[in-house]
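Reading through the structure tokens given below for one structure.
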Amino acid sequence: MNEIQHLAQQFVAALWESGISPLSDTSGETTTVTLEVVAEVEAQLAGFRLHALHEAQLSSTHRVTDQVRSSLRTTSKQATATLKLASDLGERFSLIAAALNEGRISVEQTRGIIDGLRKLPSQLTRSELIRCQETILEHAHSFGPLELRKLAARLYEVVDPDGADEEQAKRLAAEDRAAERNRSVRFSFDGHGTGVMRAVLPEAQMAQLKAQIDALMPPISSYRETNQIPAPDARRADALVLWAEIAANSQDLPAQGGDRPHVYVSVTLDTLLDGLGSTDLIGIPEIDSITAGEARRLACDAGIIPAVLGSTSEPLDVGREHRLFTPAIRAALVLRDQGCAFPGCDTPPVACDGHHIVPWWAGGPSSTHNAVLLCPHHHRLLEPDPGQSAHSQWRVHLDPTTGLPVFTPPRHIDPLQRPRQHQRFLLRQLKHQAKAPPCPDQPTPPPPVAPSRPKPEMSPAWM
């Protein structure tokens with residue numbers, strides 16, 4: 001064993017002593033060749049390791065397999081998959097094992113090929129299985145692991161073209177039954193402000209869900225004004241929230257106790273006013289509390305019922321959902337804002353909240369003159385925090401002339417804090433201002449004269 005370790009260390013030392021550096025290798029040819037050699041040797045070492053594991057399994061050397069399963073270098077799931085791969089290569093797929101041992105394919109390609117070959121009918125003869133391996137290895141230099149897996153799963157068409165359709169139908173039916181049996185959705189909360197949702201769905205249903213989420217992904221332009229460009233996964237998270245908002249606003253949710261599902265939030269008046277402290281979600285024991293800022297955003301127009309408590313926890317006010325923004329007010333906001341009003345955001349109205357410009361907890365009325373439509377992401381951004389100065393937060397007001405929303409960025413985004421408006425509002429104003437001049441051949445018609453009416457008598461209060 002010491003000799004093997006010594007040889008391995010000599011090889012690694014030789015690589016480091018070769019002095020290969022991408023900075024000094026201007027053409028990159030030497031570095032490319034070296035990396036190809038390392039990848040080939042890496043595959044050969046992986047093949048040797050899998051062969052040794054299979055030999056240990058055959059000799060019932062439990063100490064070796066137990067060491068693999070308990071190794072801190074991998075997870076238990078990865079260890080089980082490695083042992084399974086070693087067994088498959090040693091017992092069924094000798095040609096694939098030989099290709100790996102020679103470094104002609106990588107470990108990832110090997111896993112993809114074996115995953116596909118496992119889906120072949122179990123009644124294949126040894127000669128048919130060898131033919132399938134020979135066929136897939138002919139394409140190993142052209143395809144990656146994912147493509148090789150798909151190709152390997154369809155190799156039965158080469159062996160038995162007539163029975164391939166029937167076998168594929170059986171395989172797909174079995175996969176559908178397994179997917180239906182294993183479907184699940186789980187929610188967990190880590191106690192640090194993050195919840196995790198894990199969904200296992202049949203492929204067709206997952207594809208449908210993914211298509212809807214991807215269609216709702218906010219464009220990059222909707223984040224540029226905040227100087228926060230999220231990764232695609234974060235944008236999908238925002239899209240999932242939008243999807244939930246659309247469902248909540250569709251009026252089609254199932255009834256619970258004769259009413260739509262609600263979330264109850266208990267919060268003290270002091271917490272609402274000064275932003276300090278936390279709030280409790282009633283009926284969701286997995287969540288200890290949420291921040292006051294999130295409670296203010298939810299209480300604005302997000303389908304929750306806020307219960308404001310006094311200093312001795314006595315209920316001061318229990319609001320109702322319709323008390324915030326009525327359907328008529330929302331309809332007026334939709335006609336005016338036509339979606340999220342934040343500059344650059346294209347979120348449709350159905351996925352937007354009604355935001356109180358002057359917060360309801362600060363006495364702001366629930367009216368169109370004190371409201372603006374915002375998507376959940378920008379609603380969080382605009383909800384004022386009493387613990388911060390006004391100049392360090394985004395602000396919104398309605399233009400006194402046009403009545404349209406105008407946004408003021410914080411100083412760290414724009415030191416001059418120049419007001420900004422959504423492009424749709426700017427275009428709308430240009431359309432209203434663009435009036436056709438009178439035709440030069442025709443005089444401008446005089447304004448119509450209103451018929452004279454008797455003057456009403458004015459009371460002293462009008463004089």
Side-chain angles (χ1 to χ4, degrees), residues 1-8 11-12 36-160 167 171 174-175 178:
M1 181 59 66
N2 292 333
E3 182 180 358
I4 295 177
Q5 186 178 11
H6 177 68
L7 292 174
F11 173 72
V12 174
E36 289 178 354
V37 171
V38 171
E40 184 176 334
V41 173
E42 184 181 20
Q44 293 174 337
L45 290 174
F48 175 79
R49 179 172 183 265
L50 291 170
H51 172 75
L53 287 176
H54 178 59
E55 292 291 331
Q57 289 175 314
L58 290 178
S59 61
S60 300
T61 308
H62 299 296
R63 177 182 176 183
V64 176
T65 55
D66 290 343
Q67 183 180 7
V68 172
R69 289 192 174 93
S70 60
S71 174
L72 299 179
R73 295 178 181 267
T74 60
T75 64
S76 58
K77 183 178 180 181
Q78 292 171 336
T80 301
T82 298
L83 292 172
K84 174 64 176 173
L85 180 62
S87 176
D88 286 337
L89 290 174
E91 296 176 5
R92 297 188 63 195
F93 309 113
S94 58
L95 295 184
I96 306 301
L100 176 64
N101 296 339
E102 296 169 6
R104 291 188 285 125
I105 58 176
S106 67
V107 179
E108 289 76 14
Q109 287 178 306
T110 303
R111 292 186 186 277
I113 293 173
I114 299 303
D115 286 344
L117 293 178
R118 285 172 182 161
K119 296 183 179 181
L120 295 178
S122 57
Q123 66 269 23
L124 285 180
T125 64
R126 184 174 183 82
S127 61
E128 290 174 337
L129 197 57
I130 290 177
R131 185 181 176 188
C132 289
Q133 295 178 74
E134 292 174 342
T135 302
I136 194 66
L137 287 175
E138 292 175 0
H139 301 278
H141 66 282
S142 302
F143 297 112
L146 181 61
E147 293 80 13
L148 288 173
R149 180 181 63 81
K150 294 179 180 179
L151 182 60
R154 299 183 58 182
L155 283 180
Y156 192 66
E157 299 174 5
V158 178
V159 178
D160 184 8
E167 285 296 329
R171 177 175 60 83
E175 290 180 354

d(Q57 CD, L83 CG) to nearest 0.5 Å is 5.0 Å
Step-by-step side-chain contact (heavy atoms from CB on, under 4.5 Å) determination, K119 to R149: CA-CA 10 Å; K119 296 183 179 181; R149 180 181 63 81; 3.7 Å; yes
Give, for atom NZ of K150 and atom CG of D115, the distance between the pair rounded to the nearest 0.5 Å. 13.0 Å
Between the CD1 atom in I113 and the CD atom in E147, the distance rounded to the nearest 0.5 Å is 11.5 Å
State whether the number of non-hydrogen atoms from other residues, nucleotides or ligands found under 6.0 Å of E42 atom CD is greater than 12. no
Measure the OG1-CZ distance between T110 and R104 for me, rounded to the nearest 0.5 Å. 10.5 Å
Could you tell me whether the side chain of T82 and the main chain of Q78 form a donor-acceptor pair under 3.5 Å? yes
Looking only at heavy atoms, which two atoms of L148 and F143 are closest? And how far apart? CD1-O, 3.7 Å
Backbone N or O of Q67 within a donor-acceptor pair of the S71 side chain at under 3.5 Å? no
When you measure from the side chain of Q44 to the backbone N and O of E102, does any donor-acceptor pair fall under 3.5 Å? yes
Quick one: salt bridge (Lys or Arg N to Asp or Glu O under 4.0 Å) pairs with a partner in residues 79-97, sequence neighbours left out? K84-D88, D88-R118
Please report the shortest heavy-atom distance between C132 and L117, naming the atom on each side. CB-CD2, 4.5 Å
How far does CG of L120 sit from CG of L155, to the nearest 0.5 angstrom? 6.0 Å
With a sphere of 6.0 Å drawn around CD of E55, does it hold more than 12 non-hydrogen atoms of other residues, nucleotides or ligands? yes
Looking at side-chain heavy atoms only, is the closest gap between I96 and I105 below 4.5 Å? yes
Would you say the side chain of L100 lies within less than 4.5 Å of the side chain of V107, judging by non-hydrogen atoms? yes
If I compare all heavy atoms of S106 with all of A43, which pair ends up nearest, and what's the gap? CA-CB, 4.3 Å
Under the side-chain contact (heavy atoms from CB on, under 4.5 Å) criterion, do L45 and R49 qualify, and how do the steps go? CA-CA 6 Å; L45 290 174; R49 179 172 183 265; over 6 Å; no
Is there a side-chain contact (heavy atoms from CB on, under 4.5 Å) between L89 and H54? Walk through the geometry before answering. CA-CA 8 Å; L89 290 174; H54 178 59; over 6 Å; no
Between atom CG of L85 and atom CZ of F93, what is the distance when rounded to the nearest 0.5 Å? 10.0 Å
